[in-house]
Structures are given as structure tokens and as C-alpha cells.
Amino acid sequence: MTTETTGWSDRFGHTMMRTLATPQVMLARGEGCYVWDVDGKQYLDFLAGIAVNSLGHAHPVLVDAVSAQVATLAHVSNYFATPPQLELAERLTRLTGAGERGRVYFGNSGAEANEAAFKLARLNRGNGHRNRVLALHNAFHGRTMGSLALTGKPMMREAFEPMPSGVEHIDSTIEALEAAIDDHVAALFVEPIKGEAGVLDLPEGFLERARQLTEKHGALLIIDEIQTGVGRTGKWFAFEHAGIVPDAITIAKGIAGGIPIGALVTFGWASELFSRGQHGSTFGGNPLSTAAANAVLAEIERAGLVQNAAVRGEQLRQVILGLDSPLVHVLRGQGLLVGIGLSEPHAHRLSDAALAEGLIINAPNESSIRIAPPLVVGDAEIADFRERFGRALAALGA
Ligand SMILES: *Cc1c(COP(=O)(O)O)cnc(C)c1O
């Protein structure tokens with residue numbers, strides 16, 4: 001063991017902010033769908049940095065694009081345009097379907113994309129009467145003050161009250177939405193599959209009804225695609241499954257394969273709301289992060305990885321069901337965002353057992369397992385998952 005990795009757990013506990021629990025493993029490198037810890041143990045990574053590493057680890061396309069860009073022009077500030085930034089903005093208006101009337105704002109994270117979307121909502125004032133913002137109970141939108149105000153988890157907000165005002169959380173039902181919406185609503189924020197809450201699906205028809213009602217009342221429909229976007233659910237964006245067109249979406253996690261970036265994409269009239277000087281970010285949309293995103297998105301298109309997410313997602317579900325474990329109660333999510341609802345509250349024990357078997361999965365709460373492999377996953381990795389996950393279940397006697 002090298003000196004840099006000796007006693008790392010204690011060092012982590014001493015110097016890292018107490019916001020983080022000390023992890024069980026320190027990782028050193030990755031390749032494809034695998035990572036290795038500092039002791040050389042190999043893990044199958046079926047979390048992909050929480051749906052971030054779309055191309056897996058150390059993909060040559062991403063390595064080459066980032067290396068070339070950092071050697072050319074990494075950052076210039078938003079006083080200047082750069083070719084990768086413009087290319088990415090055009091690519092995103094095309095892939096989202098926002099088209100000619102679409103516009104893009106770049107930040108550096110999911111939370112920042114949602115901050116921009118929150119400010120967009122504030123600009124939809126009508127005659128000054130629109131002061132309500134609706135969001136869903138249990139939805140996660142980020143940890144900065146604005147995105148936290150949108151987040152429907154009181155436990156996360158409590159210590160930091162007061163929040164920016166005007167946000168109301170409603171149940172994720174069509175009835176609750178119908179009861180809550182009126183002409184004072186500036187925006188409705190929706191997470192199409194609640195990832196952090198345990199990969200929870202919306203009720204059938206919710207997005208369609210949300211589109212009708214927001215349109216009728218002049219409210220923006222803003223879809224948080226930070227976890228579900230960029231091919232993850234078997235479509236480029238999860239809203240496409242509902243056949244609707246939103247007013248805005250936020251994107252981050254999977255877009256640049258691990259290089260930090262976030263984006264707000266507006267559609268139609270929502271593109272007219274922001275005016276000069278109303279928002280900005282020093283790093284946002286710099287040539288390095290946008291070149292990374294261009295490379296990742298181009299590779300997703302070239303290699304047909306959106307389709308792969310749909311096919312592999314189905315295959316993965318069959319494998320999980322085929323293990324025939326009494327602990328597996330129900331499968332949720334879409335494509336390669338898979339939630340397992342457990343019959344007993346052993347999610348942390350199960351993810352720990354998986355880790356011991358060299359498999360990275362996630363327990364967002366005691367009754368749910370979240371699985372989000374890289375979009376490049378193939379037959380060999382799914383077969384390996386079957387082995388490792390089967391052993392983890394067996395270790396729990398399940
Ligand atoms: C991860 C996530 C965020 C926050 O993104 P950060 O990059 O962590 O700020 C917001 N919304 C959803 C749906 C997410 O999954």
C-alpha cells in the first residue's frame with residue numbers, strides 16, 4: 001500500500017466536511033464498466049457515478065476529446081464564444097426537439113441547471129399575479145437554496161429554512177395537480193422518474209395531464225431530466241415516453257460522461273423570458289466541458305446507445321426476475337434506470353453484500369435498490385451482474 005492510500009479512511013474522517021459519510025472503498029481507476037480500488041480489487045460498476053458515466057470509464061472517445069480540448073483552449077469566460085459551446089447548444093436544441101425556437105443556458109451541475117429554471121419560473125409573472133411554483137413531494141432537484149426549495153424532502157430543507165418563497169409541494173397524482181393548479185402558478189417542476197427517492201414512476205397519464213393543465217393556466221412545465229435524460233430511459237429524454245413537449249428541461253448527470261456540466265433548455269415562448277444580464281456563470285459552458293459533452297453525445301448517437309439502454313434495460317429486468325428472490329418485490333423505472341422495490345427493508349445490507357461481491361449498486365433508502373449501469377453495457381457485463389448480484393442475494397439468505 002502506498003503512503004497516499006494508507007489510513008485513508010481516518011484521513012477522510014478528519015478533513016472532509018461532515019456532510020459526507022466516510023465511504024467504504026477508495027477507488028483508483030476505471031475502464032469500461034469496471035473500477036478498481038486502491039488495493040486492486042475489481043468492481044462491476046452498475047451505478048456509473050449515479051447515472052453520470054454514460055460511456056463507462058476511460059472511454060477513448062471522451063479521453064481524446066478532453067485531452068485535445070484542454071491542450072487547445074480550456075476556458076475563456078462568457079465574454080467570448082467558442083466553437084464547442086455553440087456546437088453543443090445546437091446539438092441540444094436538436095436532440096431535445098426544442099428546435100429553432102429553443103435556447104440553451106449552461107451551468108456546471110444539476111443544481112445550477114435547476115437554479116436557472118427556478119429563475120426562469122420567476123420571470124413568468126403574468127400581470128404580476130404568478131407567485132406560486134408547484135413541485136412534487138419526494139422529488140429531488142438539488143442542494144443549493146433554490147433547487148433545495150424545489151426538492152420535496154422536508155428533512156433536507158429543515159436545517160436551512162427559510163427557503164426562497166412560493167414553492168408548494170403536492171402529491172404526485174393527477175387529482176392533486178388538478179386541485180392545486182390555477183392562474184397564479186408560474187411553473188410546475190416534475191422529475192419524470194424520482195431517482196433519489198428510489199426510482200419511483202409517475203402515475204400513468206400524469207405528464208400528459210400536466211401538459212394540458214399548465215398550458216391552460218399559462219404555467220411553465222419544467223421537466224427535471226438531470227437523471228433520466230441523455231438516453232438513460234431508452235429515449236433521449238424521459239418526457240418523450242409521454243409524447244408531450246415541455247416548456248423547459250434541465251440536464252446534467254449523463255451529458256458529459258463525468259465532466260461537470262449542467263444545462264437549461266427552453267422551448268417556444270419560454271425562450272423569450274431571460275434577457276441580457278439576468279443570469280450567468282464563470283465556468284458555465286466553457287470549451288472543455290462542452291467539448292466533452294459533444295463527444296459523449298456524438299458517441300451515444302453513433303453507437304446507438306439510446307436503443308441499447310432500452311434493450312439492455314429489458315434484459316437486466318429479466319435477469320433480476322430470473323434470480324427469483326423473495327426479496328425482489330417489484331421492478332420500477334425505465335431502460336437503464338432500474339429500481340428494485342424490496343419486500344423487506346434490507347437495501348443497505350444488500351448493497352453492502354453486493355460491494356463485498358465486487359458489484360456497485362445503490363440503496364437510496366431502506367426499501368429500494370437503484371441500478372444505473374453505463375449506457376455501453378453489453379451481454380458480458382449483464383452476465384457478470386447476474387453472478388455477482390446472485391451471490392449478494394445468497395449472502396443475505398434471500
Ligand atoms: C442529481 C440530481 C440533481 C442535482 O444534480 P447535482 O449535479 O448533484 O447538483 C437534480 N435533479 C435530479 C433529478 C437529480 O437526479
Side-chain angles (χ1 to χ4, degrees), residues 17 19-20 47-54 105-121 133-153 156-157 160 163-164 167 169 172 187-202 206-207 210 221-233 235-239 241 246 248-265 281 283-285 289 292-293 296 332-339 362-365 368 370-373 375:
M17 197 62 69
T19 51
L20 296 170
L47 185 59
I50 318 184
V52 167
N53 304 103
S54 302
Y105 167 81
F106 290 119
N108 311 284
S109 65
E112 278 177 75
N114 282 336
E115 288 293 331
F118 197 163
K119 286 176 81 170
L120 182 81
V133 172
L134 301 182
L136 304 181
H137 282 306
N138 231 357
F140 181 77
H141 296 295
R143 300 288 208 143
T144 57
M145 290 303 271
S147 62
L148 186 60
L150 296 168
T151 291
K153 295 169 178 262
M156 284 186 183
R157 294 198 308 263
F160 306 101
M163 293 287 114
V167 182
H169 293 95
S172 305
L188 167 67
F189 281 81
V190 180
E191 192 187 358
I193 298 171
K194 295 196 191 98
E196 302 301 311
V199 191
L200 302 180
D201 301 293
L202 288 172
F206 183 92
L207 277 178
L221 176 58
I222 302 176
I223 313 237
D224 181 339
E225 293 268 7
I226 288 164
Q227 192 157 157
T228 53
V230 196
R232 175 64 45 194
T233 69
K235 298 267 189 198
W236 272 104
F237 297 96
F239 72 79
H241 293 288
I249 66 170
T250 51
I251 318 174
K253 290 194 165 82
I255 187 175
I259 305 302
I261 186 169
L264 167 70
V265 181
S281 157
F283 290 115
S289 62
V296 168
R332 300 186 296 252
Q334 250 173 328
L336 285 176
L337 184 56
V338 178
N362 169 246
N365 55 54
S368 308
R370 171 171 48 180
I371 301 176
L375 303 184

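Note: hydrogens, waters and symmetry copies are ignored here, and every other heavy atom, side chains too, is used. First listed ligand is number 1; within each ligand, the first listed atom is number 1.
Only side-chain heavy atoms of Asn114 come within less than 4.0 Å of ligand 1; its backbone N, CA, C and O stay farther off. Of all the heavy atoms of His141, the ones lying under 4.0 Å from any atom of ligand 1 belong exclusively to the backbone. Counting heavy atoms under 4.0 Å from ligand 1, residue Ala252 does not touch it at all.
When only modelled atom types and interatomic distance are considered, His241 and Thr233 share a side-chain donor-acceptor pair under 3.5 Å. Side-chain contact check for Asn108 and Ser281: at least one donor-acceptor pair (N or O, by modelled atom type) lies under 3.5 Å. A side-chain donor from one of Ser368 and Arg332 sits under 3.5 Å from a side-chain acceptor of the other.
Counting heavy atoms only, Lys253 comes closest to atom 1 (C) of ligand 1 of the residues Lys253, Gln227, Glu112.
When distances from atom 9 (O) of ligand 1 to the protein are checked, a heavy atom turns up under 4.0 Å.
Near Glu191, meaning under 4.0 Å from any of its heavy atoms, are these atoms of ligand 1: 13 (C). Within the listing of ligand 1, atoms 4 (C), 5 (O), 6 (P), 9 (O) sit less than 4.0 angstrom from a heavy atom of Ala111. Of all the atoms in ligand 1, the ones that sit under 4.0 Å from a non-hydrogen atom of Asp224 are 10 (C), 11 (N), 12 (C), 13 (C).
Note that the CG atom of Leu188 and the CG atom of Leu136 stand 6.0 Å from one another [nearest 0.5 Å].
Within the structure, salt bridge (charged side-chain N to carboxylate O under 4.0 Å, His left out) pairs that include any residue of residues 187-199 comprise Glu196-Arg370 (at least two apart or interchain).
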